[in-house]
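Reviewing the structure listed below.
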Amino acid sequence: MSSSALLDDLRARGLVFQIAGEDAIAEWLDGGSRTLYCGFDPTADSLHIGSLVPLLMLRRFQDAGHRPLALVGGATGLIGDPSFKAAERQLNTPDIVAGWTDKLRQQVGRFIDLGGENPALVVNNLDWTQNLDVLTFLRDIGKHFSINAMIQKESVKQRIEREGSGISFTEFTYMILQSFDFSELYKLYDCGLQIGGSDQWGNITGGIDLTRRMHGGHVFGLTMPLITKADGTKFGKTESGTIWLDGSKTSPYAFYQFWLNTSDADVYKFLRYFTFLSVADIEQIEQADAARDGRPEGQAILAREVTRLVHGEEGLLAAQRITEALFNGDATALSADDLEQLALDGLPSSKLDREAMPETLTQLLTEAGMAASGKQVKDALSRGAVLINGQPVDAALNGDPASCFHNNAAVHGRFWLVRLGKKKYHLFTRTAA
RNA sequence: GGAGGGGUUCCCGAGUGGCCAAAGGGAUCAGACUGUAAAUCUGACGCGAAAGCUUCGGUGGUUCGAAUCCACCUCCCUCCA
């Protein structure tokens, strides 16, 4: 793919929010295999889907023949990025951040090709930051930054201006650290482009300025739009919390379901953002869906593509197996092996000891994680929204869970598939007793 | 160090002695309608099956009774030094 084609494609996908050095970037990219980077700070032990767009962006550049560097912020993660954050953040201990950095290092490496002709690299900014002494930092780097300019940055403005908030020197310095990353990567790897979310604009332009001042280099910046949903609620969160990329934190099944539940108003946009399907193909899907009566196909395609990207073919199959069984078939008709497989595939499940049952059904289901509180279960019960093996549970039986989980009612004598509401399932398996 | 302002249930934000488990909005959950979509409508929304129990930065105090008053402590913000 030629570079102008790459840029055109990115624009067509809506992935380009702002470009620093716009008039020269196409020419620069056309000049050969270029090096670019994107940073990921360790703020948890896994990235979440908010980082997916930049990760895939690195891949898009790599596929076009360029060399991506994925930077894990072993150093910046110790400081905390204040950009557009409402409040000062709690610092994590160095050993925790180091542990998270290792995890991200592995995770990030899966989305880019670390081998091949233009192998990607994972770098850690702690490598060039940890031995930097304060005086050198202040004299050689800090001298290039104007406080007047820094406090003008939109990303920290509200923290500076808004009554009731504030910003520590530590967080304020974050921008300098990130800028230094860019200039170091320019020096070490001839890295000429930094990409990031639109909230990173201030940090990126800071790096561009510093690279010019320290090394006379002309480098570029590109930001991606903030991902928004048509209904205005926050992208990437559900009732059960953040959607993580780590399969042990968000199962492939839950991950798949998340995408499957995308609203019509967002699905084609997300296909452009989160998949490698061509824009033309996506438009075709959209047209076909528009012409069709009833349920569109976009969500299923989105869920399939993204789950495969993140969890591989195997994870996708597991997710589809569960989805198929729960939503498109009669789950109680499944064989014992199938049910066991579903639990292995990531369907929420737990053991049920009929000898040691809690006093109420609400307790039992809350403990199993099906609801946040007994009140919610009670509400669902009263509306007939709790089904055990397909049979609605009478709210009056709340005090008698043993009769709800009757051996006779168990599938294959030992399985109870509980459904709460339209979408939440949990498989209980009788303890071998 | 001085002066002033503030810390309310997930978030924003009312509440300034009883009528407060605490307005309103958002988020979230459940139901109806649908397509595991959106919009809309309904119900729930501190915990508990219930009796009841625990909340309004912390600790003590005043009072029959405090989120509301007093003292001290703590954290945050603004201005001054």
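Within every chain, numbering begins at 1; the chains are lettered A, B, ... in the order of the sequence lines, protein sequences first and strands thereafter. Just so it is clear, the model here is predicted, and its values are computed rather than measured.
- Using modelled atom types, one finds no donor on one side chain facing an acceptor on the other under 3.5 Å when comparing A:Gln200 with A:Thr223.
- Neither side chain, A:Tyr273 nor A:Asp266, offers a donor N or O lying under 3.5 Å from an acceptor on the other.
- A:Trp128 pairs by the side-chain hydrogen bond (donor to acceptor under 3.5 Å, both in side chains) definition with A:Asp181, not counting sequence neighbours.
- Within the structure, side chain to side chain donor-acceptor pair (under 3.5 Å) pairs that include any residue of residues 291-306 of chain A comprise A:Asp264-A:Gln299, A:Asp289-A:Arg292, A:Glu305-A:Arg308 (at least two apart or interchain).
- In this structure, A:Tyr425 atom OH and B:rA30 atom P are separated by 12 Å, rounded to whole Å.
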Would you mind writing out the side-chain donor-acceptor pairs for residues 363-375 of chain A within the sub-3.5 Å range, not counting sequence neighbours?
from: A:Thr366; atom 1: OG1; to: A:Thr362; atom 2: O; distance (Å): 2.6
from: A:Ser373; atom 1: OG; to: A:Lys375; atom 2: N; distance (Å): 3.4

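- Contacts classified as salt bridge (charged side-chain N to carboxylate O under 4.0 Å, His left out) and involving residues 396-408 of chain A (residues at least two apart or in different chains) are not found.
- Using a 4.0 Å cut-off between charged nitrogen and carboxylate oxygen, A:Arg159 and A:Glu154 do not count as a salt-bridge pair.
- Residues from residues 313-325 of chain A placing a heavy atom under 4.0 Å of any atom in RNA chain B, listed by number, are A:Thr323.
- Here A:Asp81 does not pair with A:Lys85 in a salt bridge; the nearest charged N to carboxylate O distance is not below 4.0 Å.
- At a cut-off of 3.5 angstrom, the base of B:rG48 holds at least one donor-acceptor pair with the side chain of A:Lys375.
- Counting only residues at least two apart or in different chains, side chain to side chain donor-acceptor pair (under 3.5 Å) contacts with residues 328-345 of chain A comprise A:Arg321-A:Asp345, A:Glu324-A:Asn328, A:Asp330-A:Thr332, A:Ser335-A:Asp338, A:Glu340-A:Arg414, A:Gln341-A:Asp345.
- Taking atom P on both B:rU42 and B:rG24, the two are 14 Å apart, rounded to the nearest angstrom.
- For the strand RNA chain B, secondary-structure stems (runs of at least three Watson-Crick or G-U pairs, all distances below 3.5 Å) span B:1-7 with B:74-80, B:10-12 with B:24-26, B:28-32 with B:40-44, B:57-61 with B:69-73.
- Comparing the P positions of B:rU68 and B:rG25 gives an interatomic distance of 26 Å, to the nearest angstrom.
- To the nearest whole angstrom, the two C1' atoms, one in B:rA32 and one in B:rC77, are 48 Å apart.
- Qualifying side chain to side chain contact (heavy atoms under 4.5 Å, CB included) partners for A:Asn261, counting only residues two or more places apart in sequence or in other chains: A:Gln257, A:Lys423.
- At a cut-off of 3.5 angstrom, the base of B:rU36 holds no donor-acceptor pair with the side chain of A:Lys424.
- Distance noted for atom C1' between B:rC11 and B:rC45: 14 Å (whole Å).
- Across the P atoms, B:rC10 and B:rC56 are found 12 Å apart, a figure rounded to whole Å.
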Check: protein-nucleotides 79-81 of chain B nitrogen or oxygen pairs below 3.5 Å:
none

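- For A:Asp289 and B:rG35, the CG to P distance is 15 Å, given to the nearest whole Å.
- Under the 3.5 Å distance criterion, with hydrogens and angles disregarded, a donor-acceptor pair is assigned to the side chains of A:Glu88 and A:Ser168.
- Between A:Thr362 and B:rA49, a side-chain N or O to OP1/OP2 separation shorter than 4.0 Å is present.
- Cation-pi contact between A:Arg60 and A:Phe276: present, with separation from the ring centre below 6.0 Å and deviation from the ring axis of at most 45°.
- Within 4.0 Å (heavy atoms only), A:Glu88 reaches no atom of the nucleic acid at all.
- Taking the P atom of each, B:rG7 and B:rA67 are spaced 16 Å apart, rounded to whole Å.
- Phosphate contact (OP1/OP2 of B:rU36, side-chain N/O of A:Arg295, threshold under 4.0 Å): present.
- For residues 255-279 of chain A, proximity to RNA chain B is found at A:Gln257, A:Leu260, A:Asn261, A:Thr262, A:Ser263, A:Asp264, defined as any non-hydrogen atom under 4.0 angstrom from a strand atom.
- Remark: A:Asp394 engages no residue in a side-chain hydrogen bond (donor to acceptor under 3.5 Å, both in side chains) (not counting sequence neighbours).
- Under the 3.5 Å distance criterion, with hydrogens and angles disregarded, no donor-acceptor pair is assigned to the side chains of A:Glu286 and A:Tyr268.
- Distances shorter than 4.0 Å separate some side-chain N or O of A:Lys378 from OP1 or OP2 on B:rA50.
- With both ends at atom C1', the span from B:rA71 to B:rU62 equals 11 Å, rounded to whole Å.
- The separation of B:rA66 from B:rG60, taken at their P atoms, amounts to 14 Å, rounded to a whole angstrom.
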Every protein N/O lying under 3.5 Å from an N/O of nucleotides 39-42 of chain B:
none

